[in-house]
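In what follows, every chain begins at residue 1, and chains take the letters A, B, ... in the order their sequences are listed. Computed from a predicted model, the values in this text were never measured in an experiment.
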There are 4 protein chains.
Amino acid sequence: MARISDKTPRGGAKPGGAQGSTRRQAVREAAVTLFARQGYHATSTAEVARLAGVSEGTIFYYFGNKEGILLDLLAEVHLKYRQRMESALAKAANGMQAVLGCVDLHFKQVRQDSRLLTLLVRDLPVSPGRNDSQCRQVMREQSSLILEVLCLALRRGQEDGSVAADLPLPETGLLIRSLLIGATRLLLLKLAPEVNFEDQAAEFCRRALAPPG
Amino acid sequence: MARISDKTPRGGAKPGGAQGSTRRQAVREAAVTLFARQGYHATSTAEVARLAGVSEGTIFYYFGNKEGILLDLLAEVHLKYRQRMESALAKAANGMQAVLGCVDLHFKQVRQDSRLLTLLVRDLPVSPGRNDSQCRQVMREQSSLILEVLCLALRRGQEDGSVAADLPLPETGLLIRSLLIGATRLLLLKLAPEVNFEDQAAEFCRRALAPPG
Amino acid sequence: MARISDKTPRGGAKPGGAQGSTRRQAVREAAVTLFARQGYHATSTAEVARLAGVSEGTIFYYFGNKEGILLDLLAEVHLKYRQRMESALAKAANGMQAVLGCVDLHFKQVRQDSRLLTLLVRDLPVSPGRNDSQCRQVMREQSSLILEVLCLALRRGQEDGSVAADLPLPETGLLIRSLLIGATRLLLLKLAPEVNFEDQAAEFCRRALAPPG
Amino acid sequence: MARISDKTPRGGAKPGGAQGSTRRQAVREAAVTLFARQGYHATSTAEVARLAGVSEGTIFYYFGNKEGILLDLLAEVHLKYRQRMESALAKAANGMQAVLGCVDLHFKQVRQDSRLLTLLVRDLPVSPGRNDSQCRQVMREQSSLILEVLCLALRRGQEDGSVAADLPLPETGLLIRSLLIGATRLLLLKLAPEVNFEDQAAEFCRRALAPPG
DNA sequence: TATGAATGAGTTTTCATTCAT
DNA sequence: CATGAATGAAAACTCATTCAT
């Protein structure tokens, strides 16, 4: 009943604490693999426990319930994703480069750890219309944060002249994000023919964003 | 074992004959509503039967198993979708107009019957890596047919000069499709802020596709 | 509710009647094949109907319920079996020959139509402790008739001196019948190694029955 | 997928440890009663759970699936049966006595715990023609082990002169085993008249096996 | 006489979750 | 901290049987 969130053994210095953290991490690792491979619904907590090498009770001790694992993973994947984008953005020469850098980075992450990204384009564990789940809230929050990063880059581009000034925000940001999400879905769910179209994504965006003339 | 596909009571000409068709249709109607609202996995066949006003057995009589319902719905939505695109394509003045027409049409359909389209961006009933399900096969087949339509329009645009000639196919087609899929996901799963960015989609594509100069 | 037994279209001369008989026979034929192959419980009436090429309703029209088919088949197989034994008995030179003839005949029938005989050694559709089923009644009745035939032969043997006079009846008859039933079960259910031990059955019985000296 | 076999709670030394074993045992006890009384197919797992006084989930926790219970029971009954035969064999004065001892022992076991033995002559859970079930494999394996014991006794009898030397092996062994199986079936399924023919079984075999003269 | 659409009670099985230890 | 035995509610699916035609 009581939601057990973020149960981390306080004081990571203690040997027992470190072991707990190890167990927690093992569950996360097992879950991300299985959720990505078979989907959230098709994966049982028993399966996760087995692959993680822990008892079933351990999962509920650390994550409260099954959705808790997903919640945890979603938060992590979003965080990592966003942080990488932000650092890519910082290094970019201008706004356009920043946006295109984000696009390239996205597909690099898809290639590097498809498991994590698959979580984002696979099935959702809850109703889209209802706000009752923490899971949906996390997705929405993180989603808007990522959108902000993109819009930041776009605005910078419009200011430094590398991006067409008449493109509306956040609409344009949403469209780029749409393209990334959709492409990832086609790629990871193997719904597209065997063509490396993701390499063309940056160029496609460059044309769409470039100022006229 | 034996797959019960397309079990339709003898031709709908007779007034009584439509009865069976009615039940079948009621199940489809109930399923599309519930699958879109709660997802495929979160919807039980009992729930579908209740909403459809038929017995649970009737579902299995007509569709063989739960996936059979989804299969049926997916085939329909894909078919309708593609046919509309094809007719939009036929009416277009040039290739670029055809592509943009497809984009607009897509969002029009999303607005008109969000339930059906939601099926395409919501959860998948099976592992993405495996080909064992008819459902995945249908999605893949239909997906490639839709891609073909888009590429046809693009090629026509490249021939009549309305689309940049150096854009590679089918990569560019896949990117447009990605944008549509991703946008639909953001929209229907309410992951985007309340902004009508879909109206900008055609313009975004126009810029990306337009020949230089 | 109402038991429909022996519903045969009266007057087999009528063309309609002949057709009904055809359907009835088709069901019986299909059922004996499937029951023997998969067992009574593992065979659905739908399967029987499909193999027989009739509608499911037809089965219930002719046999009342599923057990009705088995009832019908059991009665037939027992009847045939007994009739053959009786005619073998009539032709035998003496009692011992009659018994051994029955033994040989039994295995000949097993070899000739294993499907029918399999019904007798496979699973029973009902509780052995209760008498509530017609099925069990039929089995018991027919069983005792067959036993009678065997005992008749044995008694004749004891009278003509070919069978040991001190062997008790019907015990000895039951033992021979046991041997036949058990051997059939081992054979048809493939629980015995690939040895043609049934050829030795008559010799085994001959020794057991032979008068001393 | 993963077969849960032999899930036994850690060693029965601890008083608490026997608890799990208790539940397991309760299921076995309930199952053997119901399977013998009504047959495997006619018994639902719910019925077994109810009689055992455990939840239905417990059955699947311990036995994996319904067939798992039967498997377990079959293995046990076969093992016990064979062990008793072997010890009877060891005590016998000569080969003939050993064989007849086995025969007597068989019927003694039938009388002592008819439930367990009934499992062996009642219905089979699967097609006889197919090897796909563990259940059938167990039956076949154990069956051949029991046959070996019988043949051992027969061979010993042929060597010590108490059994006719010209009787072929393993055919003769199979015939004796047939007689035992068939008799058990007649007895336990109450298909024979109320006659204690099993008392005659040893004498019947003695005559069949005795050396001439 | 024959059909087959429709059913609902029943089946096996799964699984997230609890809790005593 | 961690376990894993035990559960019960619910899931998908089956199937003998009915009945209007």
When rounded to the nearest 0.5 Å, the distance separating CG of D:Leu119 from CE of D:Met139 is 9.0 Å
Whole-Å distance separating the CZ atom of A:Phe63 from the P atom of E:dA16: 15 Å
So does C:Tyr61 get a side-chain nitrogen or oxygen closer than 4.0 Å to the phosphate oxygens (OP1/OP2) of E:dT1? yes
From CD1 of A:Ile59 over to C1' of E:dT18, roughly how many Å is that when rounded to an integer? 14 Å
Specify the separation, in whole Å, of atom CG of B:Leu71 and atom C1' of F:dA12. 17 Å
How many whole angstroms separate atom CZ of A:Arg50 from atom P of F:dG4? 13 Å
What distance separates B:Glu29 CD from B:Arg24 CZ, expressed to the nearest 0.5 Å? 14.0 Å
Please state whether the phosphate of F:dA2, meaning OP1 or OP2, lies under 4.0 angstrom from any side-chain nitrogen or oxygen of A:Arg23. yes
Rounded off to whole Å, could you give me the CZ-to-P distance for the D:Phe60 and F:dG8 pair? 15 Å
Is there side-chain contact between B:Arg37 and B:Leu34, with at least one heavy-atom pair below 4.5 Å? yes
Side-chain (D:Tyr40) to main-chain (D:Glu67) donor-acceptor, under 3.5 angstrom: yes
Distance check, rounded to the nearest 0.5 Å: B:Phe35 atom CZ versus B:Leu74 atom CG? 9.5 Å
For A:Glu67 and E:dC15, what is the distance between atoms CD and C1' respectively, to the nearest whole Å? 16 Å
Could you go through nucleotides 8-11 of chain E and list every protein N or O atom that sits under 3.5 Å from one of its N or O atoms, giving the distance for each pair?
none

To the nearest 0.5 Å, atom OG of D:Ser44 lies from atom CD of D:Gln38 at 8.0 Å
The nucleotide from E:dT17, F:dC13, E:dT13 with an atom nearest the side chain of D:Asn65 is E:dT13
How long is the gap from OG1 on D:Thr45 to NZ on D:Lys66, to the nearest 0.5 Å? 7.0 Å
Quick one: pull up CZ in D:Phe60 and OG in D:Ser55 and give me the separation to the nearest 0.5 Å. 10.5 Å
Map every base of DNA chain E to its dot-bracket character, where paired means a Watson-Crick or G-U wobble contact with both distances under 3.5 Å and | marks a partner outside the strand. .||||||||||||||||||||
Could you check whether any side-chain heavy atom of B:Asp72 comes within less than 4.5 Å of a side-chain heavy atom of B:Phe63, counting everything from C-beta outward? yes
